[in-house]
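Take a look at the structure below.
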There are 2 protein chains.
Amino acid sequence: MTSPSPDILRAELLAADAIGDIIEHWGFRKVLGRVWTVLFLGATPTPAADIGERLQMSAGAVSMALTELQRWGVVRRVWRPGERREFFEAETDFWKMISKVFDERERLLAGSVRQRLEEAAAILGRARGAEAVVALDRANRLLAFVLVAQTALDGFIKSRRVDFTRFGDLVSFPLRSVQRRKA
Amino acid sequence: MTSPSPDILRAELLAADAIGDIIEHWGFRKVLGRVWTVLFLGATPTPAADIGERLQMSAGAVSMALTELQRWGVVRRVWRPGERREFFEAETDFWKMISKVFDERERLLAGSVRQRLEEAAAILGRARGAEAVVALDRANRLLAFVLVAQTALDGFIKSRRVDFTRFGDLVSFPLRSVQRRKA
DNA sequence: TTGAAGTTTCAGAACCTTCTGAAACCTTGT
DNA sequence: ACAAGGTTTCAGAAGGTTCTGAAACTTCAA
């Protein structure tokens, strides 16, 4: 177990690094993708030390990565009777992973962004002058876009099915009067 | 032009920062989102110096941000007859922006990731032993997922319409014939 | 209770990214 | 050809993020 054949190890590292790149691209640390991949390919619950050995990481780094992966729900801790160490395994349901991550990420920002855009629109609504009118119009458009995008993503996650047909229209429609609430 | 009312400026900064956060969340620098937002809200082609003043950025930083935004096709340079300076305006077609950015981003990684995963699978295909069999199975699943995701995103961008109904199934189908081994 | 095995935490080191400020580089008018 | 206005570039500074290594902590067994 602690000595995978050199070939298998090489393949694992290759795949791990590729997935690391994707994952980094979507805003996570490379190492999270690498650790997950090694667990996923291994298919067998694996102790932390093994991961550190394969990926040449310190025990501390492995621990931190595993903690974060568990927070995202993409790695599980497995208890083995009679074993002192903990074992870890990758979540294999890709959909579960995607929806969980999307969900959490969206929730983090959605509220504050909406709030700030609404506040900005309110200020502009109170302001005077041609400049303010134009800015208000644009701010409302921005707000509308953010709301549409959030709703669409949300629907996608909830149903695994979404029709984006009107999405394109909604986000590029010529600006008319997108009235939101008044101040 | 160089003296927006304090209220309007405040609203602009509020919105700019909110969009900056979203944009950062999707893997770009905050400042790109802020600059774009100021241009978008201003609605009028704006010289670089104005942006620096409003967002308190050095001329260098403004220049770099504008260059990058133009590379992504979300900001345009506008020439004004009789004006020595250059003016900039935001692309207002959200869909254009989204598709362009997605497109470029995907293209960047898609190839190399696919290649590396295929290489890994090839190595595992040559390797012997139960471990290699399991790893190969998983690597293929990973590859299948990446391909499906890429195709789906691609279709989405090309048509503004995509049916994700089968997506969920494809990415979460149960792994056949891979049993967890006993400890 | 003590010690061994394993894990987590965290201060500082190493690394990476972004920004500043100044110089170099256009472009245009004289 | 030169100077002025404007923009770009880039070395180094500043700031931020991630990792290491060691200490602290936890758990289990004797």
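Quick note on labels: first sequence line is chain A, next is B, and so on, each numbered from 1.
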### Residues A/Arg128 and B/Asp7 bridged, charged N to O under 4.0 Å
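B/Asp7 and A/Arg128: not salt-bridged.
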Please state how far atom [atom1] in [X] lies from atom [atom2] in [N], giving the value in whole angstrom units.
{"X": "A/Arg85", "N": "C/dA4", "atom1": "CZ", "atom2": "P", "answer": "19 Å"}
{"X": "B/Leu55", "N": "C/dC19", "atom1": "CG", "atom2": "P", "answer": "11 Å"}
{"X": "B/Arg80", "N": "C/dT28", "atom1": "CZ", "atom2": "P", "answer": "17 Å"}

### Task
Find which nucleotide of DNA chain D each of A/Arg84 and A/Gly60 is nearest to by heavy atoms, and output the residue with the more 5' nucleotide.
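Going by which nucleotide is closer to the 5' end, it is A/Gly60.
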#### Entry: Most 5' of A/Met64 and B/Phe87 on DNA chain D, judged by nearest nucleotide
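First, find each residue's nearest nucleotide; the 5'-ward one identifies B/Phe87.
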### Among A/Lys30, A/Arg34, A/Arg29, side chain to side chain donor-acceptor pair (under 3.5 Å) partner for A/Glu24
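Testing A/Glu24 for a side chain to side chain donor-acceptor pair (under 3.5 Å) against A/Lys30, A/Arg34, A/Arg29 leaves exactly one candidate, A/Lys30.
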### Message
Please tell me whether A/Arg116 and A/Ser112 have a donor and an acceptor in their side chains that are separated by less than 3.5 angstrom.
### Response
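Short answer, yes.
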Detail all sub-3.5 Å separations between protein N/O atoms and N/O atoms belonging to nucleotides 16-18 of chain C.
none

### Query
Where is the tightest heavy-atom contact between A/Arg85 and A/Pro47, given as atom of each residue plus distance?
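So the minimum-distance heavy-atom pair works out to NH1-CG, 3.6 Å.
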#### Entry: Closest non-hydrogen atom pair, A/Gln70 against A/Val75
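Nearest pair, atom of A/Gln70 first, then A/Val75: CG-O, 3.3 Å.
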### Query
Can a cation-pi geometry be assigned to B/Arg77 and B/Phe88, taking NZ or CZ under 6.0 Å from the six-membered ring centre and within 45° of the ring axis?
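No, cation not above the ring by the 6.0 Å, 45° rule.
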### Query
Does the side chain of B/Arg114 reach to within under 4.5 Å of the side chain of B/Glu118, using non-hydrogen atoms?
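Counting from C-beta outward, B/Arg114 and B/Glu118 do come under 4.5 Å.
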### Task
Would you mind reporting whether B/Ile123 and A/Arg10 have side-chain heavy atoms less than 4.5 Å apart?
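Yes; the side chains approach each other to less than 4.5 Å.
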#### Entry: Boundaries of the chain A footprint along DNA chain D (any atom under 4.0 Å from a heavy atom)
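The footprint of chain A covers D/dT18 to D/dC28.
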